[in-house]
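Take a look at the structure set out below.
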Amino acid sequence: VAPRLLGPAEIRDLAQLLDVTPTKKLGQNFVHDANTVRRIVQTAGVERGETVLEIGPGLGSLTLGLLEAGASVIAVEIDRRLAEQLPHTVRLMQPGTELTVVHDDAMRVTELPGEPVRLVANLPYNVSVPVLLHLLEHFASLQSGIVMVQAEVGHRLAAEPGSKVYGAPSAKAAWYGRWRIAGQVSRMVFWPVPNVDSVLVGFERADVPGTEAERVATFALIDAAFQQRRKMLRQALSGVLGGSSGAASALLAQAEVDPETRGEQLTVTDFLRIARVAR
Ligand code: SAM
């Protein structure tokens, strides 16, 4: 039987055909292991007939796994050669499946040809957090997802306040829902082999805690707090809260936040309360 997923031989042939030299700049590390692909699709809980958004389909490793599971896939790829080849690869290996390719930058797309309910992606590592925040901000239809990211970034996304790795990405991601680590992935399943480990991160969307204007104000506070993460909040936020640490202390107390604590102790709703009293 002809393979339905890409293995090392298919990845090599496709790369040769397209004359692709994977670039670091675009985070191009392609998965050549069918078991990993099927595990990601299974962990994501992809259901037959649902619309799935994939970012960075590359040569099509994960795309074919999603199509095999019966999903209708919208794939956004920034690299023109890869975007143009993908429909041909899919027609050859899994004819009759539903794929729409969008050749664009995932950080800029604001419209999609469909309403994806799930995000499943092996994200380009250098931009994984901004891409995730952008997608959650612009596509309300996305209810859940599984993404593969650099291990360090995944642990940040899933971190709770008080943890060593809790930071601005953790607090911002929590605005949109709940995040968890859903598995480890060996670097050996990629070509070329990256010099970092990867994890699968899952998210489930929850109702956002505030309005869009409040989100913008909350994210600005989060950025300020974590730019000086070792300083107490009354100092770290003095620039954005009244201009002095005294003024900041008063506002923090009003929001029922201890002015002498640090940003790493606050949940996103704590930051939101500060944004509300500071308006
Ligand atoms: N999904 C494929 C796989 O698992 O083998 C490839 C994953 S590779 C880590 C990341 C992919 O994202 C590459 O195909 C790259 O060209 C693409 N990419 C990088 N930056 C992007 C962006 N801003 N928007 C859309 N795609 C992007």
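On a predicted model such as this, the values are computed, not experimentally measured, just so you know. Counting starts at 1 for both ligands and their atoms, following the listed order.
Between L82 and ligand 1, not a single N/O pair is under 3.5 Å apart. For the pair D79 and ligand 1, the shortest N or O to N or O distance does not fall below 3.5 Å. An N or O contact shorter than 3.5 Å links A106 to ligand 1 by distance.
Residue contact check: V76 has heavy atoms under 4.0 Å from atoms 25 (C), 26 (N) of ligand 1. Close contacts between ligand 1 and G27 involve ligand atoms 8 (S), 9 (C), 10 (C) [criterion: under 4.0 Å to a heavy atom]. Those atoms of ligand 1 that come under 4.0 Å of a heavy atom in F30, given as number and element, are 5 (O), 6 (C), 14 (O). Of all the atoms in ligand 1, the ones that sit under 4.0 Å from a non-hydrogen atom of S61 are 5 (O). Residue contact check: D105 has heavy atoms under 4.0 Å from atoms 22 (C), 23 (N), 24 (N) of ligand 1. Close approach of ligand 1 to I78 is summarised as follows: ligand atoms under 4.0 Å from at least one heavy atom of the residue are 18 (N), 19 (C), 20 (N), 21 (C), 22 (C), 23 (N), 24 (N), 25 (C), 26 (N), 27 (C). Within ligand 1, counting atoms from 1 as listed, the ones closer than 4.0 Å to a heavy atom of D104 are 24 (N), 25 (C). Heavy-atom contacts of Q28 reach the following atoms of ligand 1: 13 (C), 15 (C), 16 (O) (cutoff under 4.0 Å).
The residue from R230, K164, R229 that alone fulfils the salt bridge (Lys or Arg N to Asp or Glu O under 4.0 Å) condition with E264 is R229. Applying side-chain hydrogen bond (donor to acceptor under 3.5 Å, both in side chains) to K231 and the options Q227, Q228, Q235 leaves one that passes, Q228.
A donor-acceptor pair shorter than 3.5 Å can be found between the side chains of D79 and Q28. Checking S170 against R156 by side-chain atom types alone, no donor-acceptor pair falls below 3.5 Å. Checked by atom type, the side-chain pair T261/D258 shows no donor-acceptor distance below 3.5 Å.
Heavy atoms of T63 found under 4.0 angstrom from ligand 1: none, in either backbone or side chain. Contact annotation for E54 and ligand 1: only side-chain heavy atoms (C-beta onward) come within less than 4.0 Å of the ligand.
For atom 2 (C) of ligand 1, the closest non-hydrogen atom of the protein is P57 O, 3.3 Å. Regarding atom 5 (O) of ligand 1, its nearest protein heavy-atom neighbour is V31 N, 2.8 Å. The nearest heavy-atom contact from the protein to atom 19 (C) of ligand 1 is L26 O, 3.1 Å. The protein heavy atom nearest to atom 20 (N) of ligand 1 is P124 CG, 3.5 Å. Ranking the protein heavy atoms by distance from atom 4 (O) of ligand 1 puts N122 ND2, 2.8 Å first.
With respect to the salt-bridge test (charged N to carboxylate O, under 4.0 angstrom), the residues K172 and D223 qualify. A salt bridge links R215 with E137; the closest basic N to acidic carboxylate O contact falls under 4.0 Å. Taking 4.0 Å as the cut-off between side-chain N and carboxylate O, R4 and E68 count as a salt-bridged pair. Ion pairing between a basic and an acidic side chain is recognised when a charged N comes within 4.0 Å of a carboxylate O; R276 and E214 show such pairing.
Residue contacts with ligand 1 leave out T23, since none of its heavy atoms falls under 4.0 Å from the ligand.
The aromatic rings of W175 and F219 sit perpendicular to each other, their planes meeting at more than 60°, with 30° as the lower class boundary.
In this structure, the side chain of R205 engages the main chain of L142 through a donor-acceptor pair within 3.5 Å.
If you take CE on M148 and OG1 on T36, they are separated by 7.0 Å, rounding to the nearest 0.5 Å.
The option with the heavy atom closest to atom 1 (N) of ligand 1, from among G56, G60, A121, G58, is G56. Of the candidates H32, H103, E77, it is E77 that places a heavy atom closest to atom 16 (O) of ligand 1.
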Might you work through the side chain to side chain contact (heavy atoms under 4.5 Å, CB included) test for T63 and L67, ending with a clear yes or no?
CA-CA 6 Å; T63 320; L67 293 169; 4.2 Å; yes

